[in-house]
Structure formats: C-alpha cells, structure tokens
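For reference, the structure is listed below as structure tokens.
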Amino acid sequence: MMAMLDHIPLRGQLKFNEPMQRHTSWRVGGNVDRFYQPADIDDLVNFLRQVEPNEPLHWLGLGSNILVRDGGLRGTAIALFGVMDEMHLLSNGVVEVEAGVSCARLARYCAKHGLVGAEFFAGIPGTVGGALAMNAGAYGGETWPKVLSVETIDRYGQRHRRTPADFEISYRSVVNDREEWFVSSQFELAAGDSEASSQKIKQLLRQRAETQPLSLPSCGSVFRNPVNDHAARLIEASGLKGYRVGGASVSEQHANFIVNDSNAMASDIEQLIADVSDTVFVDHGVRLQPEVRVVGEVIEGPAHD
Ligand SMILES: Cc1cc2nc3c(=O)[nH]c(=O)nc-3n(C[C@H](O)[C@H](O)[C@H](O)COP(=O)(O)OP(=O)(O)OC[C@H]3O[C@@H](n4cnc5c(N)ncnc54)[C@H](O)[C@@H]3O)c2cc1C
C-alpha cells in the first residue's frame, strides 16, 4: 500500500484489519484493510504522498451515513474525526473549520460567538467533512448555502481551494468529479444573538429526541424525501413500521429510520432497505432513493463475532 519512497515518518495512527463496526453509527460492517487517522493536515499530505496510486481510499467522518457491508473494505479508510478538528473565527466573521470537527461543536461554537444560522447542525451526528460530502441539512437549514469556500485534497496530497460553484449541489447530494476530499471549510454566517441561538439549538435537540429513536444504532433517515412528499409517510402508509430482517427493523418511532436493535448484520440492513424500497414502489409507485451510502464487500455467512 505504501510506495517505496524515501519518506518522512508518519505521525498519525495506522491500524490494520480494523473493524468498521467500531466506526459506523449502525455498529455493523466488516474490517477495512488499513485505517489511518492523520495527526494533522501536514501528516495527511505526507501520508497521501506515500500511498500507492491505485490504493482504494475511503473517507470517513463519524460513519453516521454509511453502511459498510459485512465483507468490509479493501484499501485504506482515512478517518478525520477527533484528529483534524481545529476551528477559528477569522477577522471578517467567517468561521474556518477543519473537516474532523463534529457538526454539534460547530453549532455551539457559532452560537457562542454570536453567529446565527448554524443551529441546525447541532443534532446532526456527523463531521463537517461528512456534512460537506452529503450537503447535510435539517429543519430548513442546509450545509452548502453557508459555505464560502472549502479546501480539498487529492490522492497525491495536493491541496486546492474551491468554491461552491465548483460543485453540483442539490438536496443531500454534492457531485465532485475531481477525486478530491474535504479537509476544511469556511462558513459565512450572519451576526446575531448568542443566547437566542443557544436556545434554538436546545429546542431543535428536544424536537429530535421526541421524534427520533436516538437510543438505538441507526444512520438517521435512510431514504431521501421524494419531491413534495416524505419517505417516512410512504413507508408508514405501507404498514412497514416494525418490519424486520434479522437484527434490524424499521423504527416504530420514525418510519424512515432503520435501527439495529438486535445485533444486526449489514446484510440484514441492506435487505431491509431493498424490501422497504420495493414495497413502497408497489404500493405508491414511488422508487425511494437511499440517502445512506452503501460500501464494501458482501460475504456469505457471519461477518463479526
Ligand atoms: C440519529 C441520526 C440523525 C441524523 N440526522 C440527520 C439530519 O438531520 N440531516 C442530515 O443531513 N443527516 C442526518 N443524519 C445522517 C448523517 O449524520 C449525515 O449525513 C452526516 O453529514 C454524515 O457525516 P459523517 O461525518 O458521519 O459522514 P460519514 O458517514 O463518515 O460519511 C458519509 C459520506 O461522506 C463521505 N465523507 C466523509 N468525510 C469526508 C471528507 N472529509 N471528504 C469527502 N467525503 C467525506 C464518506 O466517504 C461517505 O461517502 C443523521 C444520522 C443519524 C445517525
């Protein structure tokens, strides 16, 4: 995996055969061949310069929107959460955030500094990198309308400054043809009342706790909402709440959540996604599109102990 270069020693953490169930919010998934947590941006650049050109790279935030199959991932996962997690308020009121910062921290930081409009991030259990990749959003707020620019990195360790105009951005979708990943972002937010922003965060978190099954492993909403409708409404109307495959079921509390409530395999969840999609299509003529990203290899038989 590492090219034979006369290279600078790595300062991050490299693990082999790392179980992805430790790094995904569904708590499922087989092993990844190599798992790297860079010490910082310079170490990430150094790491990428040493990686073979054909090594598959899988970028990971908090794993709150991916289903890793039971056969795991070939190649290297690069995990930024908890390591590239610096945040600064620039003199022009712009917040510069590294991709490993959690969305919750970003929301609190903005509120504390009297910047409003980032409250919706508070309950999204992912990183800024994941939010940029997914155009994450909630309660009327969305990631990309707040972005002034981002910094990306390519597989050779080259860094690039990009603006929103460089991407095709839509609802829960960001198309980036250049094989580049996010390392930081500059968010532009309006000045406002710090206390009101903190109160709004509390209220949004309460609202979430009342409507979402937060005590069980999940990936949040599994399907994108179809235009002018809600995936949860269609799934519920098909009578699928509580529908189960193996250790996974459609949440009784929120029909667009699939919960791992009984030691599920990734294959249980994937089958459940397919069954829900097929049933809704037969009943309503709408083909639901998964929001969750499914990656990795299928295996026959048990994947984890
Ligand atoms: C309980 C719960 C509630 C949720 N509520 C919401 C919600 O309200 N709104 C919403 O939008 N989502 C929600 N989600 C889904 C999820 O939290 C978001 O999609 C989040 O943005 C994913 O961030 P992450 O860091 O966990 O990304 P991951 O799951 O680690 O990765 C998701 C995708 O982004 C890519 N990626 C990650 N980091 C980078 C990077 N630095 N550069 C390039 N690509 C990268 C990954 O390769 C992968 O394809 C919820 C999930 C849960 C479990």
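Each ligand, and each atom within it, is numbered from 1 in the order the structure gives. Keep in mind it's a predicted model, so treat the numbers as computed, not measured.
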Quiz item: Does R208 have a heavy atom less than 4.0 Å from any atom of ligand 1?
Solution: yes

Practice problem: Could you establish whether H23 and ligand 1 come within less than 4.0 Å of each other, counting only heavy atoms on the residue side? | Solution: no

For [X] and [Y], does a side-chain donor sit closer than 3.5 Å to a side-chain acceptor?
X: S267; Y: R69; result: no
X: E55; Y: T76; result: yes
X: E195; Y: Q199; result: yes

Practice problem: Check each of R161, E96, E188, R162 against S149 using the side-chain hydrogen bond (donor to acceptor under 3.5 Å, both in side chains) test, and report the only one that passes. | Solution: R161

Self-check item: Test applied, side-chain hydrogen bond (donor to acceptor under 3.5 Å, both in side chains); reference residue, Q203; option that passes from Q207, K200, R206
Solution: Q207

Exercise. Would you name the heavy atoms of L60 and H23 that are closest together and state the gap between them?
Key: CD2-CB, 3.7 Å

Exercise. Give the minimum heavy-atom separation between L216 and N260, together with the two atoms involved.
Key: CD2-O, 4.4 Å

Go through ligand 1 atom by atom and flag the ones less than 4.0 Å from a non-hydrogen atom of [X].
X: A138; answer: 8 (O)
X: G126; answer: 23 (O), 24 (P), 25 (O), 26 (O)
X: G220; answer: 2 (C), 3 (C), 4 (C), 50 (C), 51 (C), 52 (C), 53 (C)
X: S218; answer: 1 (C), 53 (C)
X: M134; answer: 19 (O), 33 (C)
X: G61; answer: 25 (O), 28 (P), 30 (O), 37 (C), 38 (N)
X: L80; answer: 41 (N)

Using a heavy-atom cut-off of under 4.0 Å, does the side chain or the backbone of [X] touch ligand 1, or both, or neither?
X: S64; answer: both
X: V183; answer: neither
X: H58; answer: neither
X: C103; answer: neither

Self-check item: Value rounded to 0.5 Å, distance of CE in M84 from OG1 in T127
Solution: 10.5 Å

Compare [options] and give the one whose heavy atom is closest to [atom].
atom: atom 21 (O) of ligand 1; options: P217, A131, A99; answer: A131
atom: atom 12 (N) of ligand 1; options: E98, E291, E180; answer: E291
atom: atom 23 (O) of ligand 1; options: G129, G137, G130, A136; answer: G130

Measure the distance from [atom] to every protein heavy atom, then report the residue, atom name and distance (to 0.1 Å) of the closest one.
atom: atom 49 (O) of ligand 1; value: R293 NH1, 2.8 Å
atom: atom 34 (O) of ligand 1; value: A133 CB, 3.3 Å
atom: atom 46 (C) of ligand 1; value: W59 O, 3.0 Å
atom: atom 1 (C) of ligand 1; value: L214 CD2, 3.7 Å
atom: atom 42 (N) of ligand 1; value: F182 N, 2.9 Å
atom: atom 13 (C) of ligand 1; value: I124 CG2, 4.2 Å
atom: atom 31 (O) of ligand 1; value: I66 CG2, 4.0 Å
atom: atom 4 (C) of ligand 1; value: P125 CD, 3.6 Å

Sub-3.5 Å N/O-N/O distance, [X] and ligand 1:
X: N65; value: yes
X: G63; value: yes
X: S221; value: no
X: W181; value: no
X: L62; value: yes
X: T127; value: yes

Exercise. Flag the pair I124 / R208 as yes when at least one side-chain heavy-atom distance between them is below 4.5 Å, and no otherwise.
Key: yes

Quiz item: Which word best sums up how the rings of F121 and F187 line up, parallel for under 30°, tilted for 30 to 60°, or perpendicular for over 60°?
Solution: perpendicular

Quiz item: In terms of the angle between their ring planes, are Y36 and F47 parallel, tilted or perpendicular, with boundaries placed at 30° and 60°?
Solution: parallel

Quiz item: With a cut-off of under 6.0 Å to the ring centre and 45° to the axis, is R172 in cation-pi contact with F223?
Solution: no

Exercise. Taking only Lys NZ, Arg NE, NH1 and NH2, and the carboxylate oxygens of Asp or Glu, determine whether D42 and R11 approach each other closer than 4.0 Å.
Key: no

Quiz item: Salt bridge or not for K15 and D33, using N-O below 4.0 Å?
Solution: no

Quiz item: Should L272 and V282 be counted in the same cluster of Ile, Leu, Val, Met, Phe, Trp and Tyr side chains packed under 4.5 Å apart?
Solution: no

Quiz item: Between S102 and G126, is there a donor-acceptor pair closer than 3.5 Å when you use the side chain of the first and the backbone of the second?
Solution: no

